[in-house]
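Working notes for the structure below.
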Amino acid sequence: MSSLVLLVFWACLVGVVVFAWRRGGAPERIAASALLAAAVLVESIHAWMPKPGQSAALLVVDGMLAALRYVRPWLGIAMVLEGVQFSLHAYFFVVDKPHNYFYSLVNNLVTIGVLLCLVTGSFQAWRQRGAAGK
């Protein structure tokens, strides 16, 4: 079951990234690239890094995503969600608690929320370009 969920996650992520690259503007393309890079980094961290260092590495990845500098409403919401995820990783890092169901649930809901924000932003940019062309 876990590999099916991971496969669905990657399919959704790649679909959102392709949509953002085809229909979004510069902010959506940069955000899509950053999300894809962060997802690859997170998977690499989980696969190759020893457990004791994973939490700190995940905090660094979250911090990198916070460096996006465009002013768009969807990006503001995505950054709030990333703040929630950063706080989640910080909490589990500070209390040295192993990842549990709550961690997975919040982490996955935040990721879904960020992907939805990116799709919304890409759709809005696509519509704005279409309206400008009329």
| message | Are Leu6 and Leu41 connected into the same hydrophobic cluster when the rule is that any two of I, L, V, M, F, W, Y join if their side-chain heavy atoms are below 4.5 Å apart? | response | yes
| Once you round to the nearest 0.5 Å, how far does CG of Leu115 lie from CG of Leu13? | 5.5 Å
| message | If the test is ring-ring contact (aromatic ring centres under 6.0 Å, His included), which one of Phe92, Tyr91, Phe93 qualifies with Tyr103? | response | Phe92
| request: Using the rule that two of Ile, Leu, Val, Met, Phe, Trp, Tyr join whenever any of their side-chain heavy atoms come within less than 4.5 Å, decide whether Phe9 and Phe19 are in one cluster. | output: yes
| said: Donor-acceptor check, side chain of Arg29 to backbone of Trp21, threshold 3.5 angstrom: yes or no? | reply: yes
| message | Grouping I, L, V, M, F, W and Y whenever their side-chain heavy atoms are under 4.5 Å apart, do Leu81 and Leu118 come out in a common cluster? | response | yes
| field | Spacing of CD belonging to Gln85 relative to CG belonging to Leu109, to within rounding of 0.5 Å | value | 10.5 Å
| field | Donor-acceptor contact present, side-chain Glu43 to main-chain Val40, <3.5 Å | value | no
| field | Gap between atom CD of Glu82 and atom OG1 of Thr111 - 0.5 Å precision | value | 7.0 Å
| task | For residues Ala32 and Ala20, report the shortest heavy-atom separation together with the two atoms involved. | result | CB-CB, 3.7 Å
| note | Result for side-chain contact (heavy atoms from CB on, under 4.5 Å) between His89 and one of Asn107, Val94, Val61 points to Asn107
| query | Got Leu36 and Trp10 here, is their nearest side-chain heavy-atom distance under 4.5 Å? | reply | yes
| task | Could you grab the distance from atom CD of Gln54 to atom CD1 of Ile45, nearest 0.5 Å is fine? | result | 7.5 Å
| query | Between Glu28 (side chain) and Arg23 (backbone), is there a donor-acceptor pair under 3.5 Å? | reply | no
| Verify same cluster id: Val80, Leu116 (apolar side-chain graph, 4.5 Å) | no
| request: Calculate, to the nearest 0.5 Å, the distance between atoms OG and NE2 belonging to Ser55 and His99 respectively. | output: 4.0 Å
| remark: Closest non-hydrogen atoms of Gly121 and Trp74, given as atom of the first, atom of the second and distance, are CA-CD1, 3.3 Å
| said: Quick check on the hydrophobic clustering: are Met79 and Leu35 connected, directly or via other members, by side-chain heavy-atom contacts under 4.5 Å? | reply: yes
| remark: Between Cys117 and Ile77 the two heavy atoms that sit nearest each other are SG-CG2, 3.5 Å
| Rounded distance (nearest 0.5 Å) linking atom OG of Ser87 with atom CG of Asp62 | 9.0 Å
